[in-house]
Amino acid sequence: MTWETVIGLETHVELATKTKIFCSCTTEFGGAPNTHCCPVCTGMPGTLPVLNEKVLEFAVKAGIALNGEITRHCKFDRKNYFYPDLPKAYQVSQLYLPIVRNGKVPIRTESGTEKVIRIHELHMEEDAGKLVHDPWLDQTKCDYNRCGVPLIEIVTEPDFRTSKEVIAYLEKLKSTLQYLGVSDCKMQEGSLRCDVNLSVRPAGSTQLGTRTEMKNLSSFKAIARAIAYESRRQIELIEEGKKVLQETRRWDENKDATFAMRSKEDAQDYRYFPEPDIPPLVISAEYLDDVRRRQPEMAEEKMVRYQQEYDLPVYDAQMLTEQKALADFFESCVTLGAEAKQSANWIMGQVLGQLSAKAMEAKNMKLTPSTLVTLISMVKEGRLNRNTAVKVFEDVFDTDEDVEEYVKVHGLAQINDPTALAAAVEKVFAANSQSVTDYRSGKEKAYGFLVGQVMREMKGRADPQAVNEAVRDKLSG
Amino acid sequence: MKITEEMVDYIALLSRLKPDAEEKVQMTAELEKIVSYMDVLNILDTDGVEPLSHVFPIRNVMRSDEVSSSFPREELLKNAPSRDDEAFLAPKAVEG
Ligand SMILES: [Zn+2]
């Protein structure tokens with residue numbers, strides 16, 4: 001029997017606000033335990049939480065970008081559960097009237113076609129604290145620095161069929177949120193976290209199977225592997241005549257497997273009720289218009305503009321706009337005076353090459369646009385040959401050193417001295433008379449060899465164009 | 001609505017309460033009284049009435065996103081039933 005995997009995602013994204021959702025404590029990452037806390041975020045009795053206006057704005061921005069409907073009358077609810085990561089014994093979240101519903105995210109599938117992933121809802125909520133078990137005390141230490149950090153949770157419909165689709169969606173979501181500036185989406189620091197709901201069913205069936213929820217997925221690679229493992233596990237269970245249990249499972253990176261988690265509550269009964277401390281939100285048409293007007297230029301719009309304004313091919317425009325940091329880098333190069341297509345070529349070839357070799361994201365790169373622009377203009381002005389420029393680029397990529405200085409110190413400047421070139425040609429021809437004879441008897445290959453030898457004689461610093469010409473002239477002369 | 005012993009056990013479990021047999025009897029009676037009061041409210045015709053999400057006629061109470069200093073940790077930890085120098089301590093809750 002062939003099986004189909006059905007996947008839905010719940011993604012928690014930490015918002016890039018300066019302060020927490022209901023108090024003025026900083027959201028800065030790190031800090032000694034319980035030093036970014038106050039009576040509000042540690043749930044002391046008698047305190048009054050007040051919503052951070054930036055949280056609403058960011059949620060609305062994200063909702064608009066994900067093509068969702070904004071809930072004009074919206075409110076918060078309490079989700080009750082006893083677990084020490086929440087000092088109040090409830091999480092302020094949204095159940096009945098989430099801020100966004102019915103979004104749509106188009107993704108590109110493996111076959112190159114477009115597929116729309118439906119967003120069921122997007123809601124605002126607060127993050128929980130961090131628990132660390134102390135084996136000496138046999139007690140759990142509670143650090144509430146993350147408690148009250150604003151999150152949006154984005155819930156999709158069960159629209160994914162493969163892990164490739166899941167990753168494509170997450171890449172798209174991450175890029176969108178980074179373009180909006182509502183989150184930095186750093187998976188390692190936990191500012192983008194993903195729970196995967198997965199079930200299997202016989203291909204062609206329209207009924208959903210029993211699903212499990214997988215947690216602790218801290219990288220795209222982990223997500224892909226967990227999906228592969230979990231669908232196999234469920235298929236094997238069913239084929240052995242056993243049942244899939246609806247449960248939460250934890251992905252263990254080292255063991256490459258999922259394990260059933262001891263549930264937080266014996267029953268998942270959160271007894272939601274309206275949050276009495278936070279007055280409801282009424283979103284006016286003016287407010288929505290204002291947020292819409294201030295939406296930044298998104299990837300799709302940049303793609304169109306790059307093709308029109310800079311005459312770039314679709315492929316280039318798409319590559320440059322996938323990561324906001326890369327698009328910003330490209331635009332800075334152009335602003336600094338570099339030619340658009342030249343900049344695009346360097347970014348797609350060398351910059352992306354270095355990033356992928358170093359498994360880095362564009363936003364973490366040290367190299368500045370002005371360094372690349374200097375390098376491009378040195379090549380253009382004939383002060384550096386292109387091959388040397390690529391080597392210089394690789395050398396300064398991590399340090400962002402002054403390239404003019406680097407070229408001077410390492411003696412890499414292009415030699416544009418015709419006398420030196422002529423001398424090199426003489427020397428090479430004298431030493432390789434056989435190759436000269438070969439070429440003249442029709443062996444084209446010998447030409448390339450001679451050019452290479454001259455370039456070598458010039459220590460790689462000659463202008464390749466000039467070397468070509470000099471060798472050709474000598475051969476025909 | 002009839003409140004059963006199972007319902008009381010379930011609510012007690014969710015609330016992390018461990019009532020003894022005598023308290024359970026008392027709770028059953030009290031809960032039944034509370035729930036039957038809802039029947040009084042059900043007499044009212046609420047068709048076409050918007051659900052009330054807040055008792056006060058206020059909306060959109062928000063603050064600007066400006067950091068102010070947090071609370072001294074020592075002060076925060078003062079009321080903790082169990083603590084060390086830097087954290088609240090709770091009974092073992094983490095796996096592993
Ligand atoms: Zn606080």
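Being a predicted model, the structure only gives us computed values, none of them experimental. The chains referred to below are lettered A, B, ... by the order of the sequence lines, with proteins before strands, and numbering in each begins at 1.
- Chain B forms the most heavy-atom pairs under 4.5 Å with one residue out of A/Pro279, A/Pro280, A/Ser24, A/Cys23, and that residue is A/Ser24.
- In this structure, A/Lys20 forms no cation-pi arrangement with A/Phe22, as its terminal cationic atom is not both closer than 6.0 Å to the ring centre and no more than 45° off the ring axis.
- At a heavy-atom separation below 4.5 angstrom, chain A is approached by B/Ser82, B/Asp84, B/Glu86, B/Ala87, B/Phe88, B/Leu89 within residues 77-89 of chain B.
- A salt bridge does not link B/Glu75 to B/Arg73: none of the charged side-chain nitrogens sits closer than 4.0 Å to a carboxylate oxygen.
- A/Ser191 and A/Glu14 form no side-chain donor-acceptor contact under 3.5 Å, judged by distance and modelled atom types alone.
- Only the backbone of A/Ile278 comes within contact range of chain B, with heavy atoms under 4.5 Å apart.
- Salt-bridge annotation for A/Glu57 and A/Arg294: present, with a side-chain N of the basic residue lying under 4.0 Å from a carboxylate O of the acidic one.
- Atom CD of A/Glu28 has 12 or fewer neighbouring heavy atoms from other residues, nucleotides or ligands inside a 6.0 Å radius.
- Considering only residues two or more places apart in sequence or on other chains, A/Cys147 meets the side-chain contact (heavy atoms from CB on, under 4.5 Å) condition with A/Pro87, A/Tyr144.
- No donor-acceptor contact under 3.5 angstrom links the side chains of A/Thr212 and A/Gln246, judged on distance only.
- Relative ring orientation between A/Tyr83 and A/Tyr81 is described as tilted, the plane-to-plane angle lying within the 30° to 60° band.
- Ionic pairing of A/Glu213 and A/Arg249 is not present here: no N-O contact between side-chain nitrogen and carboxylate oxygen is shorter than 4.0 angstrom.
- Contact tally against chain B (heavy-atom pairs below 4.5 Å) for A/Thr26, A/Asn52, A/Thr17: the top residue is A/Asn52.
- Contact detail for A/Thr27 and A/Pro150: the closest heavy-atom pair is CG2-CD, 4.0 Å.
- Between A/Tyr96 and A/Phe273, a ring centre-to-centre spacing not shorter than 6.0 Å is recorded.
- Both the sub-6.0 Å distance and the 45° axial angle are not jointly satisfied by A/Lys79 relative to the ring of A/Tyr272.
- Residues of residues 31-42 of chain A lying under 4.5 angstrom from chain B, judged on non-hydrogen atoms, are A/Ala32, A/Pro33, A/Asn34, A/Thr35, A/His36, A/Cys37, A/Cys38, A/Pro39, A/Thr42 in numerical order.
- Within residues 56-66 of chain B, the residues having any heavy atom under 4.5 Å from a heavy atom of chain A are, by residue number, B/Ile58, B/Arg59, B/Asn60, B/Val61, B/Met62, B/Arg63, B/Ser64, B/Asp65, B/Glu66.
- With a 4.5 Å cut-off on non-hydrogen atoms, A/Leu48 does not touch chain B at all.
- Looking at A/Arg78 and A/Asp277, a side-chain N of the basic residue comes within less than 4.0 Å of a carboxylate O on the acidic one, giving a salt bridge.
- Contact annotation for A/Lys75: only side-chain heavy atoms (C-beta onward) come within less than 4.5 Å of a heavy atom of chain B.
- Within a 6.0 Å radius of CD in B/Glu22, other residues, nucleotides and ligands contribute 12 heavy atoms or fewer.
- Geometric assessment of A/Lys61 against the ring of A/Phe58 yields a negative cation-pi assignment under the 6.0 Å and 45° thresholds.
- When the candidates A/Leu137, A/Ile283, A/Leu56, A/Val50 are compared by the number of heavy-atom contacts under 4.5 Å with chain B, A/Val50 comes out ahead.
- Closest approach of A/Asn145 and A/Asp143 over heavy atoms only: N-OD1, 3.0 Å.
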